[in-house]
Amino acid sequence: MENIKGLTRTGYCAEYDIKDIGKKVVLMGWVNRSRNLGSIIFCDMRDRTGLIQVVFREEKNKSLFNKATNLKSEYVIAVTGIVNEREDKNPNIKTGDIEIEAEELRILSESAVPAIDIAENTATNELMRLKYRYLDLRKPKQQYYLIMRNKVAKCTRDFFSENGFIEVETPVLTRSTPEGARDYLVPSRVNQGKFYALPQSPQLLKQLLMISGLDRYYQIVKCFRDEDLRANRQPEFTQIDLEMSFVDVDDVIAVNEKFIKKLFKETLNVDVNIPFARMTYEEAMNRFGSDKPDLRYGMELTDISELVKDSEFKVFSDACKNNGSVRGINAKGCADFSRKDIDKLTDFVKDYRAKGLAWLKVGVDNEITGSIVKFFDKEQLTSIVDAFNGEENDLILIIADRNETVFDSLGALRTEIAKRMNLADHERWEFLWVTEFPLLEFDEETNRYYAKHHPFTSPMDEDIPLLHTHPEKVRAKAYDIVLNGEEIGGGSIRIHDSVFQEEMLEVLGFTKDKAQESFGFLLNALKYGAPPHGGMAYGLDRLVMSITKTDNIRDVIAFPKIQSGACPLTDAPNIVEKKQLDELGICLKERKDEV
RNA sequence: GGCCCGGUAGUUCAGUUGGUUAGAAUGCCAGCCUGUCACGCUGGAGGUCGUGGGUUCGAGCCCCAUCCGGGUCGCCA
């Protein structure tokens, strides 16, 4: 192996073009591919900017040529040479008009045969890719994700700095607070038997910063939640977190629309129109069965409860009687779905606790067929189909159940069918604010109310009188920002009155003592002149996913974890030395498989 | 914890009703080749078919259990 003594890189591989012909250059990078034709070798060299072809000719320099015959995939090399125009150009790569006529070659580092394909574009299984993540990240596509993520972070810092926000770091070793996700715990050596918790978000600390008078805070910050992983959920993820003093809902929304506008201009050169559409939670649920509707396509829900509440079809009439409803969607042009297809959709909605899926097809001459025709006369069927604006070749899918189940399953079904029929225009960016979320949710298992957002969210002023009489009807000053059917962020105006905050905790079932024990530091702080304040947090990873159009969160994280929460590269989590446990005063229970 | 999909050569995959010595592409090794660009041509090496058990004359294929990966429901204030 050789060193780079005396060599200074003149530029990146893909930075050169036809204008540089005749220049002497020094390049460093990886061997993407080498093609040996016998007396001439073409070597594609790669760095993070792309590829450039290097030529070695036996007739020109025998010893240099012989050295080049040793080049293999992923060797690291330094090449000195002259930029030449190619005899045969390659329009498929950026530097296809030129090549480097090699004058010197140094092999800086050899490579074992790569465990995964880098130059090939094969879809290697993810476990392998993550185990060799440093190789996987050599792929241009993977580098694109990280480069885009950096652009988002840079633009975020630029925007919030320019708008008077101050970036403040909050602790990673903090305390566990009740409510919310499961905490990651860190044992304290100095205080044995006590634990830090990693933050699920810096929520309370940023409120304290408002009380401190920082006025506007932001932070790009890691958050941790010990819950099961999903395609868009990692146990550690990054938030763009912000908080503002002396604001109400519209103020927070206005600043964030400006931010998003700048972000999309600078990352994708896309002009988004502001202000964004707004919709209340109630409207979103009624029209789309979801609090994060994708507005790139229609297929809205239709409520036919009134039409069928007295029908002889028990499934429909019972649902209406039991405070539920009968609703459906019209899958335009899907009448060619087979029974098997529809059975699969039925299984699909069962995942969302729906007990079944009723369907009607509109055929030639408006002939109506389907699973429920025998329960209705012709006139009734026509009125149902009309309610859906059903036309020839439409498939109408109906669910009768508790409202919650109806919305969950139809909302998911709408998304599923849109995916199957490719209804979404992938070039469109549909932003939406969903507002007026319910403040509380009742949990039947524990028989109490939980904060839907978090316990520090302010109710809407006009709903405060309902807090003790009809808690479920109280709406919150909470808002989510939705992009193409994905929730990319959310926030709320917070309670800034300590007495009212205590009252809220009481509604949530906290005794005075328990509230003081858990949130005493906040309740105390609120007594010392807390300004009205509110804020937002974006899921940075999800935002980058949207911008880069990937549906896998692992793509936008350099070293992500697999579904079990493990890191195949470092083998974390792992066992530790007994000595470490002793110092922490921790002794492990025997594992079942060791008993 | 439930449900669905997957696990066969270094990698990506095929493998018929259960039937001879488990195939292909790519990668790798050797040789040839002066304009390739997924270079080409010739030859070669490379497999506990995730693991364990069962059914059978015979299992990559069927059955049971189990492990691993992905998706999803629950969960994620």
Side-chain angles (χ1 to χ4, degrees), chain A residues 32-45 51-60 65 69 72-74 84 86-93 95-96 99 101 112-132 135 177-183 200-201 203-204 223-235 237 344 347-354 405 408-409 412 416 437 439-441 443 445 449-457 476 478 487 490 492 504-505 508 518-519 537 539 551-552 554 561-564 566 568 593:
Chain A
N32 195 63
R33 259 203 191 85
S34 187
R35 295 175 290 280
N36 185 342
L37 275 65
S39 305
I40 184 166
I41 292 172
F42 297 102
C43 173
D44 295 335
M45 203 172 160
L51 299 176
I52 193 161
Q53 175 167 286
V54 182
V55 193
F56 300 91
R57 298 173 205 276
E58 187 173 31
E59 58 177 16
K60 206 171 169 199
F65 177 86
T69 60
K72 289 175 196 158
S73 289
E74 301 309 317
N84 272 352
R86 286 202 199 183
E87 275 177 41
D88 294 303
K89 297 184 176 172
N90 181 356
N92 300 321
I93 66 170
T95 58
E99 63 193 6
E101 191 73 37
V113 176
I116 62 173
D117 285 332
I118 296 164
E120 294 284 328
N121 208 13
T122 43
T124 310
N125 92 57
E126 263 199 85
L127 186 61
M128 205 63 176
R129 284 175 49 201
L130 294 180
K131 186 166 177 184
Y132 295 95
L135 298 182
T177 49
E179 311 285 287
R182 202 172 288 119
D183 284 319
Q200 298 175 26
S201 89
Q203 180 57 39
L204 296 176
C223 303
F224 306 86
R225 293 177 190 177
D226 186 6
E227 298 292 347
D228 287 354
L229 287 79
R230 286 287 186 283
N232 65 355
R233 243 163 56 191
Q234 283 272 306
F237 61 100
K344 277 193 183 148
D347 287 341
F348 177 83
V349 296
K350 280 180 179 166
D351 284 348
Y352 299 87
R353 295 185 307 276
T405 305
D408 276 1
S409 48
E416 174 68 16
F437 276 80
L439 183 71
L440 304 163
E441 271 175 324
D443 179 65
E445 232 173 86
Y449 284 96
Y450 282 86
K452 191 171 169 77
H453 188 52
H454 55 57
F456 321 107
T457 301
E487 181 203 327
S492 66
M504 181 60 65
L505 290 171
L508 293 172
S518 304
F519 304 112
D551 52 11
N552 182 344
R554 294 180 294 273
K561 294 180 174 52
I562 58 175
Q563 199 164 65
S564 61
D593 55 352

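What you are looking at is a predicted structure, and each value in this text was computed from that prediction instead of being measured. All chains are named by letter (A, B, ...) in the order of the sequence lines, taking the proteins before the strands, and each is independently numbered beginning at 1.
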**Request:** Treat primed atoms plus P, OP1 and OP2 as sugar-phosphate and everything else as base, then score nucleotides 70-75 of chain B 5' to 3': B for base contact with protein heavy atoms under 4.0 Å, S for sugar-phosphate contact only, - for none.
**Result:** BBSBBB
**Message:** Can you check the distance between B/rG50 and B/rC61, where both ends of the measurement are the C1' atom (answer in whole Å)?
**Reply:** 16 Å
**Complete:** Ranking A/Gly38 and A/Met128 by the position along RNA chain B of their nearest nucleotide, the one closer to 5' is A/Met128
**Prompt:** Reckon A/Leu37 touches a base, only the sugar-phosphate, or nothing at all at heavy-atom distances under 4.0 Å?
**Reply:** base
**Request:** Would you mind classifying the nucleic acid contact of A/Lys344 as base, sugar-phosphate or nothing, using non-hydrogen atoms under 4.0 angstrom?
**Result:** nothing
**Asked** When you measure from the side chain of A/Asn36, which nucleotide among B/rU11, B/rC33, B/rU34 comes out closest?
**Response** B/rC33
**Prompt:** What's the NZ-P distance between A/Lys452 and B/rC76, to the nearest Å?
**Reply:** 11 Å
**Fill in**
Sorted by chain and residue number, the side-chain hydrogen bond (donor to acceptor under 3.5 Å, both in side chains) partners of A/Gln200 (sequence neighbours excluded) come out as A/Asp183
**Item:** Spacing between A/Glu58 atom CD and B/rG35 atom P, to the nearest angstrom
**Value:** 13 Å
**Request:** Could you tell me the separation between the CG atom of A/Asn125 and the P atom of B/rG50, rounded to a whole number of Å?
**Result:** 14 Å
**Request:** Using the test ring-ring contact (aromatic ring centres under 6.0 Å, His included), find all partners of A/Phe519 that sit at least two apart in sequence or belong to another chain.
**Result:** A/Phe456, A/Phe510
**Message:** Give me the distance, rounded to whole Å, that separates B/rU17 from B/rG58 when you measure between the C1' atoms they each carry.
**Reply:** 14 Å
**Asked** Hey, does A/Glu99 reach any base, or is it just sugar-phosphate, or nothing, if we go heavy atoms under 4.0 Å?
**Response** base
**Prompt:** Rounded to whole angstroms, how far apart are CG on A/Leu127 and C1' on B/rU11?
**Reply:** 14 Å
**Request:** Pick the C1' atom in B/rG60 and in B/rA9, then give their distance to the nearest Å.
**Result:** 14 Å
**Prompt:** Where each residue is assigned the nucleotide of RNA chain B containing its nearest heavy atom, which of A/Glu87 and A/Ser201 is assigned the position nearer the 5′ end?
**Reply:** A/Glu87
Shorter than 3.5 Å, N or O on both sides, protein versus nucleotides 23-31 of chain B: list them out with atom names.
from, atom 1, to, atom 2, distance (Å)
B/rC29, OP1, A/Lys72, NZ, 3.4

**Asked** Who passes salt bridge (Lys or Arg N to Asp or Glu O under 4.0 Å) against A/Lys89, sequence neighbours left out?
**Response** A/Glu85
**Request:** Before accepting this row, confirm whether a basic side-chain N of the pair A/Asp228/A/Arg233 lies closer than 4.0 Å to the acidic partner's carboxylate O.
**Result:** no
**Message:** Any base atoms under 4.0 Å from A/Glu59, or only sugar-phosphate, or nothing? Heavy atoms, all strands.
**Reply:** base
**Message:** Applying the Watson-Crick and G-U wobble criteria at under 3.5 Å, what pairs with B/rU26? Answer none if nothing qualifies.
**Reply:** B/rG10
**Prompt:** Hey, does A/Tyr450 reach any base, or is it just sugar-phosphate, or nothing, if we go heavy atoms under 4.0 Å?
**Reply:** nothing
**Request:** Please identify each residue that fulfils side-chain hydrogen bond (donor to acceptor under 3.5 Å, both in side chains) with A/Asn90, with sequence neighbours left out.
**Result:** A/Asn92
